[in-house]
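Here is the structure we will look at.
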Amino acid sequence: MEEYKSKLASEEMDFLCEAVLSLKTKEECYRFFDDICTINEIKALEQRLQVAKMLKNKRTYLDIAATTGASTATISRVNRCLNYGSEGYKVVLDRLSEDSNNR
């Protein structure tokens, strides 16, 4: 697979990625995100991932909005990323699906 060149790429972003990759447990993740993000930032990330999961499972916009509280603009943006983005959601959702199937 060819190396991905992100428009976010920088030494500082590399450091953030390495920090996230260094986390080993859910508790470490909770502690790190609690320190680095506001509650609203964490909730926004959490909501977008749930929207992506629901879109992947072919749920409707109305159902997703009612379940997650996400706006149709947020749902549309996540859908655009799923279909035309950098495949970040796809990698994570596929791996999480594999992990749940292997339990």
Side-chain angles (χ1 to χ4, degrees):
M1 185 156 112
E2 96 180 42
E3 185 176 341
Y4 175 70
K5 301 289 185 195
S6 172
K7 52 188 167 264
L8 299 173
S10 68
E11 283 185 37
E12 295 79 9
M13 187 62 186
D14 286 352
F15 188 69
L16 176 60
C17 290
E18 292 298 328
V20 171
L21 290 169
S22 77
L23 301 169
K24 293 182 173 48
T25 66
K26 280 186 195 176
E27 182 181 348
E28 287 180 354
C29 288
Y30 273 99
R31 289 173 180 270
F32 178 71
F33 285 107
D34 194 30
D35 284 348
I36 200 167
C37 296
T38 66
I39 297 294
N40 288 339
E41 290 166 338
I42 293 168
K43 292 294 183 188
L45 295 171
E46 178 185 285
Q47 183 186 66
R48 289 180 194 148
L49 188 56
Q50 288 305 309
V51 167
K53 179 181 171 186
M54 294 174 82
L55 285 166
K56 187 175 181 210
N57 291 332
K58 308 293 186 206
R59 304 272 291 273
T60 67
Y61 274 38
L62 288 176
D63 185 27
I64 295 168
T67 303
T68 66
S71 68
T72 54
T74 295
I75 298 167
S76 179
R77 182 185 184 288
V78 171
N79 193 45
R80 200 168 38 254
C81 289
L82 280 171
N83 292 309
Y84 307 108
S86 304
E87 297 191 0
Y89 283 122
K90 180 183 180 340
V91 168
V92 167
L93 293 172
D94 286 351
R95 287 191 184 147
L96 290 172
S97 178
E98 288 170 12
D99 287 349
S100 69
N101 290 335
N102 291 329
R103 286 185 194 155

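- To the nearest 0.5 Å, atom CG of residue Leu45 and atom CG of residue Asn40 are 11.0 Å apart.
- With contacts defined as side-chain heavy-atom distances shorter than 4.5 Å, the pair Thr74/Thr68 does not qualify.
- Taken from CG in Leu55 to CZ in Arg80, the straight-line distance is 12.0 Å, to the nearest 0.5 Å.
- Residues Tyr30 and Thr25 form no side-chain contact, since every pair of their non-hydrogen atoms from C-beta on lies 4.5 Å or further apart.
- Considering all non-hydrogen atoms of both residues, Ala19 and Phe32 come closest at CB-CZ, 4.1 Å.
- At least one donor-acceptor pair under 3.5 Å links the side chain of Ser6 to the backbone N or O of Leu8.
- With rounding to the nearest 0.5 angstrom, the CG atom of Leu21 is 10.5 Å from the CG atom of Asp14.
- Within the structure, side chain to side chain donor-acceptor pair (under 3.5 Å) contacts touching residues 47-57 (residues at least two apart or in different chains) are Lys56-Asp94.
- Here the CG atom belonging to Asn79 is positioned 12.0 Å from the OG1 atom belonging to Thr72, to the nearest 0.5 angstrom.
- Within a 6.0 Å radius of CD in Glu87, other residues, nucleotides and ligands contribute 12 heavy atoms or fewer.
- Ion pairing between a basic and an acidic side chain is recognised when a charged N comes within 4.0 Å of a carboxylate O; Arg31 and Glu28 show no such pairing.
- The minimum heavy-atom distance between Val51 and Ala70, with the atom names listed, is CG2-CB, 3.8 Å.
- Of the residues Val92, Val91, Leu93, the one that meets the side chain to side chain contact (heavy atoms under 4.5 Å, CB included) test with Arg95 is Val91.
- The shortest heavy-atom contact between Tyr89 and Val78 is OH-CG2, 3.7 Å.
- In terms of hydrophobic clustering, with Ile, Leu, Val, Met, Phe, Trp and Tyr side chains grouped at heavy-atom distances under 4.5 Å, Phe33 and Leu49 are assigned to different clusters.
- Closest heavy-atom contact between Ile42 and Cys37: CG1-CB, 3.4 Å.
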